[in-house]
Amino acid sequence: MTNPIVERERGLVELERRIAELRDVNVDQPVDMSPEIAALEQKYEEILREVFGNLSPWMKVHMARHPNRPTALDYIDAFERFDELHGDRHFRDDPAIVGGFGLLCGRPVIAIGEQRGRDTKENLRRNFGMPSPEGYRKVRRLAHLAARLRVPIITFVDTKGADPGISSEEHAQSEAIAMCLYEFSQARVPIVATVVGEGGSGGALALAIADHVIMLEHSTYSVASPEGCAAILWSDASKAEEAAARLKLTAQDLQGFGIVDEIVPEPLGGAHRDREAVIARVLGSIDAAVSRLAAMPPDRLLEERYRKYRRLGSWESGQQESDGSHA
Amino acid sequence: MTNPIVERERGLVELERRIAELRDVNVDQPVDMSPEIAALEQKYEEILREVFGNLSPWMKVHMARHPNRPTALDYIDAFERFDELHGDRHFRDDPAIVGGFGLLCGRPVIAIGEQRGRDTKENLRRNFGMPSPEGYRKVRRLAHLAARLRVPIITFVDTKGADPGISSEEHAQSEAIAMCLYEFSQARVPIVATVVGEGGSGGALALAIADHVIMLEHSTYSVASPEGCAAILWSDASKAEEAAARLKLTAQDLQGFGIVDEIVPEPLGGAHRDREAVIARVLGSIDAAVSRLAAMPPDRLLEERYRKYRRLGSWESGQQESDGSHA
Amino acid sequence: MPMPEWLRIRRGKHADQRDAALWSKCPVCGEVLYRRDLAANLFVCTKCGHHFRMSAYDRISMLIDGDFTEIGTEVATGDPLGWVDKKTYPVKIAADREKSGINEGVVCGVGSIDGFDVALAVMDFHFRGGTMGTVVGERITMLLEEARKRKLPCVIFTASGGARMEEGMFALMQMAKTTAAVARFMNDGNFFVTVLTDPTTGGVSASFAFESDVIVAEPKAMIGFAGRRVIEQTIRQKLPDEFQTAEFLLEKGAIDMVVTRAELKPTLVRLLEYAAGGRRAS
Amino acid sequence: MPMPEWLRIRRGKHADQRDAALWSKCPVCGEVLYRRDLAANLFVCTKCGHHFRMSAYDRISMLIDGDFTEIGTEVATGDPLGWVDKKTYPVKIAADREKSGINEGVVCGVGSIDGFDVALAVMDFHFRGGTMGTVVGERITMLLEEARKRKLPCVIFTASGGARMEEGMFALMQMAKTTAAVARFMNDGNFFVTVLTDPTTGGVSASFAFESDVIVAEPKAMIGFAGRRVIEQTIRQKLPDEFQTAEFLLEKGAIDMVVTRAELKPTLVRLLEYAAGGRRAS
Ligand SMILES: [Zn+2]
Ligand SMILES: [Zn+2]
């Protein structure tokens with residue numbers, strides 16, 4: 001399936017190339033072509049805004065899946081330091097999950113991410129970022145280690161969902177995800193989760209029970225992939241675009257619902273158009289959140305985490321309770 | 001390999017048959033043959049004592065391996081009630097380990113045992129009682145459940161050792177055993193272990209860190225099987241008999257060392273010659289130990305368990321310390 | 001199975017409607033069974049032993065001694081996304097209520113099973129395929145909080161097609177909410193049993209269903225995270241029939257026991273007895 | 001690698017004896033290496049990168065900044081079973097002491113690694129194949145107790161053929177004793193790292209080696225519970241070369257990282273830094 005964002009970018013490449021050529025040529029010319037170049041550049045900016053300025057939910061889904069979009073390791077490798085730890089200690093090291101000790105703004109953390117491949121070969125090795133039970137068991141082990149050593153947990157969410165293969169079912173994928181949720185709901189250390197790409201279903205939530213949830217401006221987070229939702233509800237995966245709109249899976253929708261705490265802006269056209277700036281911004285947001293949370297006594301941290309999730313979806317007689325009267 | 005105990009029993013079968021025949025015949029005869037029968041029976045008793053009265057360590061190894069010797073499930077099935085729980089929740093249910101909730105003398109317990117087969121078919125299914133990592137992970141899970149619910153742990157040890165196969169190594173047999181030791185050393189509930197047959201190496205110890213360790217009179221418990229020890233030290237497994245003598249693997253030796261707390265006597269000729277009596281005696285001993293241990297506050301229970309193992313093998317300048325001065 | 005008075009009142013007119021269906025056909029062996037005989041046999045086919053899916057109230061009356069005090073009845077379905085496709089979400093919900101005779105996908109409450117006080121939740125596949133939305137998550141959380149407060153053991157019967165799409169991320173968040181409640185409940189040393197019935201998949205499977213002390217399943221129940229069709233589409237081949245059945249999971253070590261419906265109540269009573277220190281509560 | 005004064009004293013005449021051996025042959029590529037060059041290269045073959053087994057004191061001097069305060073030197077080998085085969089056990093021990101230049105299978109103590117105070121145990125395969133008897137168990141337990149008291153991180157280098165036969169069940173009990181000490185140490189929130197070197201098998205592998213927070217291994221180190229020969233005899237076939245190597249275990253998820261000896265000290269320092277909250281102790 002072609003990615004419509006990538007398609008649109010291809011359309012812009014020709015214009016970008018012409019502007020660059022004109023700039024090169026201009027240097028050697030007797031006649032100054034700067035006004036023409038400026039006009040073209042303005043035009044280009046207009047087109048950019050036109051094309052990327054107001055992305056529909058469906059376009060955001062594709063932005064979240066963009067092949068050049070920074071992945072978990074792009075953020076983690078920008079830490080001052082990272083030492084990867086491997087394995088579930090039982091069966092396998094799942095390359096769809098990366099995790100280990102990191103140093104972020106001078107503070108030791110456990111960083112864990114869902115890792116897509118950045119090319120076809122890596123995608124095959126990393127199973128397109130869809131973790132197996134062994135991967136989730138590595139997550140749980142590392143979260144437990146963090147809690148033992150009183151080190152914050154930083155996660156990067158980026159998955160279509162948990163691996164839907166035979167051996168994943170044979171190795172109790174349900175149990176593996178459930179026990180991640182269990183561990184994260186109890187870990188007596190600050191947890192900050194950032195949805196950097198696609199946050200798909202329980203496979204994403206397994207890394208995203210957190211005291212502070214960040215989303216990138218164009219990342220998505222949903223109960224099921226739009227394709228999956230359309231197949232489930234209407235037995236028609238081609239209605240994915242409609243599902244994307246109905247599911248309210250954008251960062252903006254979810255912040256409105258109180259499910260997401262912070263949105264980190266992306267440059268026009270998406271995070272991959274200025275990777276370094278986006279990565280720096282994300283790490284800055286994470287550090288600010290960790291600093292705030294690290295100052296809280298663990299009992300209060302846990303109590304607030306409980307209340308936060310306790311509140312979500314408390315309706316009485318069809319009315320949302322804003323303060324969780326059942327808590 | 002033939003079991004010399006079984007061989008000796010075969011020699012007695014003919015005599016047993018003759019005595020039984022004579023008894024049958026005697027009823028219908030005008031002449032009373034009771035004196036002759038009594039004489040034969042006395043003779044039989046003498047032979048029994050001669051053959052089984054003073055078993056060498058090597059003979060005890062074979063007694064411990066006797067195919068008719070009561071297995072873990074023979075004891076567990078004699079509980080008032082038993083509900084087996086299965087699986088490691090990750091990969092497999094290992095039939096070499098049985099475990100679950102039981103009711104023993106009115107008290108709920110978690111019972112766990114290493115289970116040999118009682119015939120060839122069952123032996124294949126149960127891997128001759130040699131547990132895989134999945135089995136040890138089931139042990140750990142059940143021990144953890146017991147600790148959570150504050151229910152005593154009762155184990156039955158009967159294994160040549162942990163499974164030495166390829167997939168056991170691939171699934172981290174070392175880690176599986178180590179984490180059993182870890183769990184048992186911390187579980188805040190009484191633990192009573194009984195070596196009912198062969199206690200072989202780390203695979204046995206994985207179920208045998210306990211507040212009270214019982215051995216049957218003719219069971220064995222050793223750092224390695226005599227065959228393994230002979231192969232390791234002298235590259236000659238045929239010297240197993242010598243190794244059996246040197247290893248001090250009998251219940252009597254180990255009680256002397258303070259490694260075993262109680263010995264349950266067996267009838268002349270071994271536990272299988274009066275299964276019900278032996279099983280009742282073992283369960284009685286377990287119940288007595290649990291009753292005593294259950295009265296202790298968990299902190300003291302744990303402290304005493306720690307001291308007990310802390311003491312074992314504290315020598316200074318070649319001298320055994322009897323009270324663990326390093327503790 | 002005679003219907004207790006409290007149950008007759010709770011079900012209202014639906015009880016009569018449902019009993020009006022005189023016979024059911026076994027989907028496995030094709031046997032046509034009189035509904036009264038089927039109910040008397042705990043909804044197990046008298047010919048082939050197939051375990052029919054049960055309604056929540058039938059389950060409850062099969063297990064609970066006398067009275068059953070429901071929890072969370074005041075929690076009603078909302079429409080957080082303002083969902084519309086062919087119909088609005090509230091219209092769908094109303095239709096399911098009418099059809100199923102219950103008002104949401106789970107019934108929760110406190111009662112006793114053979115003398116053991118217990119907090120009990122029973123999901124019902126007949127209501128939107130047992131999908132977990134905010135009402136299911138909220139009621140189960142309320143039940144776990146009540147059980148924790150009263151130190152009661154908790155038993156949850158699962159039956160679920162997964163998360164409820166029409167509530168979007170609010171549905172997914174119920175996995176987090178219920179898990180947090182489970183963790184608090186279990187950390188206090190309380191006993192938690194789940195009984196997985198056909199089918200238990202998706203977000204319910206990957207949360208409280210697999211977080212319990214003891215996981216029981218009914219024979220042939222379909223249990224998994226990913227749905228069978230999704231896996232078949234992914235791997236592009238047919239899966240064997242036994243894949244994801246309770247028996248398959250037992251062999252794979254994922255669950256503790258497979259128990260027939262006839263043995264289910266006695267088994268639960270024994271488990272409750274172990275956890276209660278061998279004594280009945282009353 | 002210059003030998004620190006404390007080390008020279010501790011080793012006594014053995015230090016001179018050992019240095020007298022001028023060259024070593026690489027068991028992998030056959031290259032003949034001058035011992036001084038080999039030592040300067042951290043006992044890694046300069047041609048093929050093979051990691052030679054190291055003596056405990058060489059390890060310690062490779063890691064520890066300055067002084068190293070040994071723990072448990074007073075604990076000496078006993079003879080609990082009165083073992084005799086071709087020789088008595090005490091005679092075997094005396095011969096191993098003479099040959100290896102150390103007095104038992106592990107050296108334990110407290111020192112600092114690049115500024116981080118640490119409790120360090122290093123097993124030595126040259127002493128009875130690194131087998132664990134009561135002295136190894138006792139010293140490691142003493143070290144863990146000291147580390148717990150002083151809230152120091154603990155690093156243990158393993159190298160072991162398993163339990164020491166000549167001490168029978170007392171050897172097996174060291175698995176229980178060390179594990180109990182590990183559990184107490186870790187329950188207090190202290191940091192525990194093990195470095196598995198060639199070979200790590202049997203009772204050491206199945207106790208503290210695999211109970212740590214982070215498991216590091218050296219390249220190609222043989223690691224497993226059952227020995228290779230035992231498995232081959234059981235399954236009656238040859239095992240592939242990579243079976244039970246560190247790299248094999250990494251793929252199987254059993255260990256955290258495989259680290260070359262050149263990278264070992266910097267890696268340990270980084271791990272200690274994470275666990276220390278990013279600050280050096282002094
Ligand atoms: Zn049928
Ligand atoms: Zn070489």
Side-chain angles (χ1 to χ4, degrees), chain B residues 161-166 168-179 181-186 201-206 208-209 221-224 228-229 231-234 239 242-243 246-249 253-254 257 259-260 305-306 309-320 326-327, chain D residues 74-81 83-85 90 133-135 137-138 141-142 145 161-177 179-184 187 201-203 205-211 223-227 230-231 234-235 239 243-244 249 252-254:
Chain B
D163 173 65
I166 290 181
S168 289
E169 291 294 317
E170 287 177 344
H171 298 177
Q173 184 71 282
S174 292
E175 193 265 358
I177 293 173
M179 294 319 288
L181 304 181
Y182 195 93
E183 190 74 39
F184 276 66
S185 75
Q186 294 190 91
S201 179
L205 182 66
I209 292 187
Y221 189 8
S222 63
V223 64
C229 174
I232 290 167
L233 284 185
W234 312 310
K239 290 191 173 162
E242 187 187 335
R246 303 225 178 287
L247 280 168
K248 303 275 194 284
L249 45 60
D253 285 325
L254 297 173
F257 292 148
I259 290 172
V260 163
R305 190 185 305 155
Y306 187 80
Y309 288 96
R310 184 69 192 80
R311 255 196 309 271
L312 289 175
S314 296
W315 282 273
E316 279 186 26
S317 320
Q319 286 250 296
Q320 183 172 0
H326 304 300
Chain D
E74 73 279 18
V75 183
T77 321
D79 185 14
L81 307 192
W83 187 279
V84 191
D85 43 34
T134 54
V135 175
E138 182 68 16
T141 302
M142 288 171 77
E145 288 176 341
R164 194 172 299 167
M165 293 299 126
E166 293 90 341
E167 297 190 20
M169 281 293 285
F170 286 98
L172 192 73
M173 289 298 128
Q174 305 312 307
M175 294 172 71
K177 185 162 83 179
T179 296
V182 167
R184 283 200 166 187
N187 278 346
T201 60
S205 180
S207 60
F208 52 86
F210 274 92
E211 290 164 356
I223 301 160
F225 180 63
V230 175
I231 303 170
T234 307
I235 63 171
L239 290 164
F243 187 71
Q244 292 186 322
L249 265 71
K252 297 295 178 192

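Both backbone and side-chain heavy atoms feed into the values below; hydrogens, waters and symmetry mates do not. Numbers restart at 1 for each chain; the letters A, B, ... are given by sequence-line order, proteins then strands. Quantities reported herein were computed from a predicted structural model and do not represent experimental measurements.
- Residue D/Thr234 touches chain B through its side chain alone, counting heavy-atom pairs closer than 4.5 Å.
- The most heavy-atom pairs under 4.5 Å with chain B, out of D/Met169, D/Gln244, D/Met173, come from D/Met169.
- Residues D/Glu211 and D/Thr179 bring a donor and an acceptor atom of their side chains to less than 3.5 Å of each other.
- Annotation: maximal heavy-atom pairing with chain B below 4.5 Å, among D/Met165, D/Met175, D/Glu166, D/Lys252, occurs at D/Met165.
- Interface remark: of the candidates B/Gln173, B/Lys248, B/Glu170, B/Glu170 forms the most heavy-atom pairs closer than 4.5 Å to chain D.
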| said: Show, in sequence, the C-alpha distance, side-chain angles and deciding distance for D/Glu145 and D/Arg184, and conclude whether the salt bridge (charged side-chain N to carboxylate O under 4.0 Å, His left out) test is met. | reply: CA-CA 8 Å; D/Glu145 288 176 341; D/Arg184 283 200 166 187; over 6 Å; no
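- No donor-acceptor pair closer than 3.5 Å links the side chain of B/Asp253 to the backbone N or O of B/Phe257.
- Chain D forms the most heavy-atom pairs under 4.5 Å with one residue out of B/Gly203, B/Ser174, B/Ser185, B/Ala178, and that residue is B/Ser174.
- At distances below 3.5 Å, at least one donor-acceptor pair connects side-chain atoms of B/Arg305 with backbone N or O atoms of B/Phe184.
- Only the side chain of B/Ile259 comes within contact range of chain D, with at least one heavy atom under 4.5 Å from a heavy atom of that chain.
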* To do: Let me see the working for D/Phe170 and D/Arg164 under side-chain contact (heavy atoms from CB on, under 4.5 Å), right down to the final yes or no.
  => CA-CA 9 Å; D/Phe170 286 98; D/Arg164 194 172 299 167; over 6 Å; no
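- Interface residue D/Leu239: only side-chain heavy atoms are found under 4.5 Å from chain B.
- In this structure, the side chain of B/Glu175 does not engage the main chain of D/Ser205 through any donor-acceptor pair within 3.5 Å.
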_Applying salt bridge (charged side-chain N to carboxylate O under 4.0 Å, His left out) to B/Arg310 and D/Glu138, what does each step give before you reach the verdict?_
CA-CA 8 Å; B/Arg310 184 69 192 80; D/Glu138 182 68 16; 3.1 Å; yes
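- Of the listed residues (D/Thr201, D/Leu249, D/Ile223, D/Ile231), the greatest number of heavy-atom pairs within a distance under 4.5 Å of chain B belongs to D/Ile231.
- In this structure, chain D has no heavy atom under 4.5 Å from any part of B/Leu249.
- Side-chain atoms of D/Glu167 come within 3.5 Å of backbone N or O of D/Thr134 as a donor-acceptor pair.
- Contact annotation for B/Leu181: both backbone and side-chain heavy atoms come within less than 4.5 Å of a heavy atom of chain D.
- Only the side chain of D/Ile235 has a heavy atom closer than 4.5 Å to any heavy atom of chain B.
- Of the atoms belonging to D/Phe208, not a single heavy atom falls under 4.5 Å from chain B.
- Across D/Gly133, D/Ala254, D/Ala181, D/Gly161, the residue that shares the most heavy-atom pairs under 4.5 angstrom with chain B is D/Ala181.
- Proximity of a side-chain donor or acceptor of B/Glu169 to a complementary backbone N or O of D/Phe225 within less than 3.5 Å is detected.
- When heavy atoms are compared at a cutoff of 4.5 Å, D/Ala209 does not approach chain B at all.
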